[in-house]
Amino acid sequence: MRYLLSSGHISEESLGLYACGDLHSSRVPVVERHLAECHVCRAQLEEIRMLITALKAYGQPVRSRPAVFCG
């Protein structure tokens, strides 16, 4: 899995894993440094977190693998 895209942004899959707490610990610092500087990825992460919250509210199973969502 590539966690950094050629554009320099974090991949959606990696952001999903990060939101779930399932991103490999060696990649977390890189993602957090990028998020501190990139409003695009922060906005995308917020959308993922809102989706996770909505799925949980409706009692939908939420998991990080194979989907990108967690429970």
Side-chain angles (χ1 to χ4, degrees):
M1 172 187 73
R2 290 180 40 196
Y3 69 104
L4 287 174
L5 302 174
S6 60
S7 64
H9 293 290
I10 306 299
S11 71
E12 287 183 13
E13 182 179 6
S14 292
L15 286 173
L17 291 170
Y18 177 80
C20 296
D22 289 338
L23 186 65
H24 191 278
S25 61
S26 67
R27 294 182 175 165
V28 170
V30 174
V31 169
E32 289 179 343
R33 278 193 302 273
H34 181 79
L35 288 170
E37 299 177 3
C38 181
H39 72 281
V40 172
C41 288
R42 282 194 311 271
Q44 192 170 21
L45 176 61
E46 183 58 29
E47 288 178 11
I48 291 168
R49 287 179 170 159
M50 288 189 312
L51 178 58
I52 290 168
T53 299
L55 288 171
K56 286 179 180 179
Y58 286 101
Q60 296 299 310
V62 184
R63 57 188 185 274
S64 61
R65 302 212 197 280
V68 181
F69 307 106
C70 57

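- Here the straight-line distance linking atom SG of Cys20 with atom CZ of Arg49 works out to 10.0 Å at 0.5 Å rounding.
- Across Leu45 and Ala19, no two heavy atoms sit closer than the pair CD1-CB, 3.8 Å.
- In the hydrophobic clustering of ILVMFWY residues, with side-chain heavy atoms under 4.5 Å counting as a link, Val28 and Leu17 come out together.
- The side-chain hydrogen bond (donor to acceptor under 3.5 Å, both in side chains) pairs that include a residue from residues 28-45 are Glu12-Gln44, Tyr18-Glu32, where partners are two or more places apart or lie in different chains.
- For Glu47, there are no side chain to side chain donor-acceptor pair (under 3.5 Å) partners at least two apart in sequence or on another chain.
- Interatomic distance, CD of Glu46 versus OG1 of Thr53, reported as 8.0 Å (0.5 Å rounding).
- Clustering ILVMFWY residues whenever any of their side-chain heavy atoms sit less than 4.5 angstrom apart, transitively, puts Leu35 in a cluster other than the one holding Val40.
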